[in-house]
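Below is one structure, written out as structure tokens; the observations come after it.
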Amino acid sequence: MSKNLQLYEFWCNKISLTNSAEFKSTSIDVLIDKLKETTGLKFDQYQRQFIEKRISFRMKNLKIDLYQDYIEYIRKNPIEVDLFLDKFTINYTYFFRNLSVFENFEKFIKFYVKSNKKEVLKIWSAPCATGDEPYTLAMILDNLKKTNTNFPDFKIFDSDIDTNALKIADEGIYGEYAVHEMPKHYLNAYFSKEINELGPKFTLSNDIKNKVEFIQEDIIREHKTKNVYDVIFCRNFFIYINHHARENLL
Ligand SMILES: C[S@@+](CC[C@H](N)C(=O)[O-])C[C@H]1O[C@@H](n2cnc3c(N)ncnc32)[C@H](O)[C@@H]1O
């Protein structure tokens, strides 16, 4: 076979491979391996479709079309690993998200403290994102403690993998959307309102902030405390992870 013919066949094979689904799936696997190695995240615990959507979202933002180019981009810009992780985690949350859950929690906990004598109630909220869920629980318990003399003390522990979300939680300052479902008496009792050029800002009281301890961790891998909890909240997370990771976490 002539050298030119050999070269022609080589490129024909390459083009048909490049266009095939097999090539595309091989190269996203390589990218996922690269991300696994650089982020330390166990991607195989998440739903495959979820991972692919997050990768494609990030690549679209960067106007990168090919997985190989994104791998090269990560190699040249190591900061991209943090930026990818930042976009990978979906921090959507707000105070009193699904109000009836918290109404039921309040009914349950009143009943629970009557039948279980506790000095300190311990609650774990995981993952907690920007803190809206654990602070909601802290306000409900604080309100119960103020109105019931025998109500026990409480401590809330919260985990999330995302350091940026935890930073917001630690600051305890929120915009209008975060508090849109919050019953007015909680807003008035536990927040101070300030209006600046970006709109209203709501700052949570230190009394509530002090009841909550944030832990940065991958909850599929570990939990850093040895606490035994009275109640565990784990909401809007199972949808992202696969069957095996769900079993492990449970
Ligand atoms: C949609 S928020 C849920 C917040 C809250 N539980 C709620 O229902 O409003 C999902 C959170 O899961 C966190 N997350 C994703 N993977 C995680 C992991 N392996 N370990 C801990 N947190 C994780 C994300 O950072 C994000 O803040």
Side-chain angles (χ1 to χ4, degrees), residues 32 35-55 57-58 81-106 108 122-141 156-183 186 202 204 208 211-225 227 229 231-250:
I32 289 172
L35 287 168
K36 220 190 277 180
E37 176 196 311
T38 46
T39 59
L41 203 68
K42 278 192 160 187
F43 281 95
D44 33 355
Q45 310 265 32
Y46 293 84
Q47 302 270 21
R48 176 75 184 202
Q49 214 188 2
F50 172 70
I51 301 171
E52 288 183 8
K53 267 197 194 149
R54 302 317 295 160
I55 288 175
F57 172 79
R58 185 67 194 141
V81 173
D82 285 344
L83 297 175
F84 174 80
L85 262 188
D86 193 28
K87 300 286 176 254
F88 183 78
T89 52
I90 296 178
N91 305 132
Y92 183 75
T93 186
Y94 54 88
F95 286 85
F96 288 86
R97 180 179 186 182
N98 309 117
L99 193 60
S100 62
V101 170
F102 296 99
E103 287 167 348
N104 285 328
F105 167 72
E106 187 170 346
F108 165 78
K122 283 192 185 143
I123 297 182
W124 185 29
S125 158
C128 63
T130 46
D132 311 36
E133 180 179 277
Y135 285 144
T136 298
L137 297 169
M139 286 188 290
I140 291 171
L141 294 173
I156 312 218
F157 297 83
D158 319 278
S159 309
D160 204 283
I161 200 165
D162 186 347
T163 41
N164 287 328
L166 290 175
K167 224 166 109 196
I168 295 172
D170 194 45
E171 278 166 6
I173 303 172
Y174 296 89
E176 217 168 8
Y177 185 77
V179 302
H180 76 284
E181 280 278 299
M182 193 185 303
Y186 284 108
F202 299 86
L204 186 61
I208 294 299
K211 287 291 185 192
V212 175
E213 183 178 327
F214 293 101
I215 306 161
Q216 195 274 332
E217 63 190 359
D218 177 345
I219 59 168
I220 302 171
R221 276 192 183 168
E222 58 167 352
H223 180 40
K224 290 178 180 163
T225 84
N227 290 329
Y229 295 104
V231 181
I232 297 173
F233 269 67
C234 186
R235 304 171 63 221
N236 301 301
F237 180 60
F238 277 55
I239 42 167
Y240 303 126
I241 58 177
N242 63 30
H243 177 73
H244 182 69
R246 284 177 200 173
E247 292 286 317
N248 270 351
L249 185 56
L250 281 172

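Order of appearance sets the numbers: ligands from 1, and atoms from 1 within every ligand.
Taking all heavy atoms of Y92, Y240, Y46 into account, the minimum distance to atom 17 (C) of ligand 1 is reached by Y46. Nearest to atom 23 (C) of ligand 1 by heavy atom, out of I161, I90, N91, is I161. Atom 27 (O) of ligand 1 has its nearest heavy-atom neighbour, among I241, D218, I239, D160, in D160. Among A126, P127, A129, the residue whose heavy atom lies closest to atom 5 (C) of ligand 1 is P127.
Looking at Y94 next to ligand 1, no N or O pair under 3.5 Å apart turns up.
The aromatic rings of Y94 and Y177 sit perpendicular, their planes meeting at an angle over 60°, well past the 30° parallel limit. Using cut-offs of 30° and 60° for the angle between ring planes, the F233 and F102 rings count as parallel.
Looking at atom 8 (O) of ligand 1, its nearest protein heavy atom turns out to be N236 ND2, 2.7 Å. In this structure, atom 9 (O) of ligand 1 lies nearest to the protein heavy atom T93 OG1, 2.6 Å. Residue, atom and distance of the protein heavy atom nearest to atom 7 (C) of ligand 1 are R97 NH1, 3.4 Å. For atom 20 (N) of ligand 1, the nearest protein heavy atom (residue, atom name, distance) is I219 N, 2.9 Å. Ranking protein heavy atoms by distance to atom 15 (C) of ligand 1, first place goes to F237 CE1, 3.5 Å.
A side-chain donor-acceptor contact under 3.5 Å links D160 to the backbone of A129. No donor-acceptor distance shorter than 3.5 angstrom exists from the side chain of D170 to the backbone of L166, with no hydrogens or angles considered. Side-chain atoms of Y135 come within 3.5 Å of backbone atoms of A169 as a donor-acceptor pair (strictly under, hydrogens ignored). At distances below 3.5 Å, not a single donor-acceptor pair connects side-chain atoms of Q47 with backbone N or O atoms of N242.
For the residue pair D162 and N91, the shortest heavy atom distance occurs at OD2-OD1, 3.2 Å.
Contacts between F233 and ligand 1 below 4.0 angstrom, taking non-hydrogen atoms only, are absent altogether.
Donor-acceptor pairing under 3.5 Å is recorded for the side chains of E217 and S159.
The closest approach between Q45 and ligand 1 stays at or above 4.0 Å for every heavy atom of the residue.
Sequence neighbours left out, not one pair with a member in residues 174-183 passes salt bridge (Lys or Arg N to Asp or Glu O under 4.0 Å).
Counting the atoms of ligand 1 from 1 in the order shown, those under 4.0 Å from a heavy atom of D162 are 25 (O).
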